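Written out below as structure tokens is the structure these notes cover.
What you are looking at is a predicted structure, and each value in this text was computed from that prediction instead of being measured.
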Amino acid sequence: MKATGIVRRIDDLGRVVIPKEIRRTMRIREGDPLEIYTDREGGVIFKKYSPVGEMPEEAQGWCDTLQKSCGMAAVVFDRDEVIACAGVPKAKTLEQKISPALDGLLEKRALYTARPGEEGIPLGPEGYTVAVLMPIVSEGDVIGGVASLTASPREAAEPETSLIRTAGLFLGRRMES
């Protein structure tokens, strides 16, 4: 555990404010779910909770299916990092932090398809750009996304768009059940 040097008091309702600097660094937004852990030394640990991260096998199954059936590189990610991938190097892609531009696309809550001639939206710091993206929405909250990736900007075909949309909608509904 790393000390921050920041001390906060608990109010009369049992609340404590997480400092803005820590929220920004850890990408914690208003409404984000946090899991609370305790350790043997009396410490209390807050950890971001990822509903998408709770189902890595199902997310990997979707990626594998999209890659095998259509030959597309596919990823499933939560609001922070890639949870599952197929058609791209796993060692470089799994647990890769998503780019701020990609996070901005998730906030729009709509299907995104890359257009010819526009600069690609990067998945993360290196490599691939997004061809098609469908946010995963569960109980009204954006909890992640499903995307097809490309190494060079290109226009997405209709079947690719439909499959990514279907995967995103299915995973969102699956989270609600």
Side-chain angles (χ1 to χ4, degrees), residues 14-18 20 22-38 44-70 72-88 90 93-114 120-125 128-150 156 158-177:
R15 298 176 296 198
V16 63
V17 174
I18 299 171
K20 187 176 186 176
I22 292 176
R23 292 193 318 264
R24 188 177 325 123
T25 302
M26 301 304 295
R27 298 174 86 175
I28 298 171
R29 298 166 200 83
E30 182 180 332
D32 279 355
L34 300 174
E35 277 187 286
I36 302 170
Y37 296 90
T38 57
V44 178
I45 301 162
F46 290 91
K47 182 178 179 214
K48 286 182 71 173
Y49 175 72
S50 169
V52 177
E54 293 292 313
M55 50 177 251
E57 296 85 18
E58 191 163 355
Q60 188 61 55
W62 271 100
C63 289
D64 291 341
T65 301
L66 291 167
Q67 201 278 322
K68 288 176 185 172
S69 65
C70 303
M72 71 175 83
V75 292
V76 174
F77 49 91
D78 63 15
R79 296 298 301 264
D80 294 311
E81 65 185 19
V82 175
I83 303 298
C85 65
V88 293
K90 286 189 183 209
T93 309
L94 280 179
E95 298 180 2
Q96 178 179 341
K97 300 288 183 199
I98 66 168
S99 69
L102 186 54
D103 190 51
L105 280 180
L106 289 175
E107 287 297 323
K108 293 182 180 179
R109 299 172 168 260
L111 180 72
Y112 164 84
T113 55
I121 304 293
L123 171 65
Y128 296 90
T129 60
V130 174
V132 180
L133 163 75
M134 182 64 184
I136 300 171
V137 179
S138 177
E139 297 178 358
D141 295 323
V142 176
I143 59 172
V146 180
S148 61
L149 303 177
T150 181
E158 178 53 37
E160 178 180 6
T161 302
S162 294
L163 289 168
I164 294 297
R165 179 186 300 124
T166 300
L169 291 171
F170 179 85
L171 290 169
R173 293 286 297 192
R174 180 78 170 91
M175 291 288 138
E176 293 173 354
S177 59

Does some side-chain heavy atom of [Y] sit less than 4.5 Å from a side-chain heavy atom of [X]?
X    : Y    : result
L106 : L133 : yes
V76  : L171 : yes
Y128 : V88  : yes
I143 : V137 : no
L169 : M134 : yes
Y112 : I121 : yes
I83  : V75  : no
R23  : R29  : no

For [X] and [Y], work out which heavy atoms get closest and say how close.
X    : Y    : answer
G87  : A73  : O-CB, 3.7 Å
P135 : A110 : CD-O, 3.4 Å
V82  : C85  : CG1-CB, 4.4 Å
A84  : P56  : CB-O, 4.5 Å

More than 12 non-hydrogen atoms from neighbouring residues, nucleotides or ligands closer than 6.0 Å to CZ on R27, yes or no?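 It does: R27 CZ has more than 12 such atoms within range.
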
Is the NZ atom of K90 crowded by more than 12 outside heavy atoms at less than 6.0 Å? yes

Could you tell me which residues satisfy side chain to side chain donor-acceptor pair (under 3.5 Å) with [X], sequence neighbours excluded, listed by chain and number?
X    : answer
R173 : none
E35  : Y37
E160 : S148, R154

side-chain hydrogen bond (donor to acceptor under 3.5 Å, both in side chains) pairs, two or more places apart, involving residues 129-141: none

To the nearest 0.5 Å, what is the distance between [atom1] on [X] and [atom2] on [Y]?
X    : Y    : atom1 : atom2 : result
I18  : R24  : CD1   : CZ    : 14.0 Å
L111 : I164 : CG    : CD1   : 9.0 Å
L34  : I36  : CG    : CD1   : 7.5 Å
M55  : R174 : CE    : CZ    : 7.0 Å
L123 : L102 : CG    : CG    : 6.5 Å
L149 : T93  : CG    : OG1   : 7.5 Å

With side chain to side chain contact (heavy atoms under 4.5 Å, CB included) as the test, would you mind laying out the steps for I136 and V146 before giving the verdict? CA-CA 7 Å; I136 300 171; V146 180; 3.9 Å; yes

For R109 and G140, indicate whether the former's side chain and the latter's backbone hold a donor-acceptor pair under 3.5 Å.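 At least one qualifying donor-acceptor pair exists.
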
Contacts of type salt bridge (charged side-chain N to carboxylate O under 4.0 Å, His left out), residue D78, not counting sequence neighbours: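 Partners of D78 under the salt bridge (charged side-chain N to carboxylate O under 4.0 Å, His left out) test: none.
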
With sequence neighbours excluded, tell me which residues meet salt bridge (charged side-chain N to carboxylate O under 4.0 Å, His left out) with E95. none

With a 4.0 Å cut-off on N to O distance, would you call R79 and D103 a salt bridge? yes

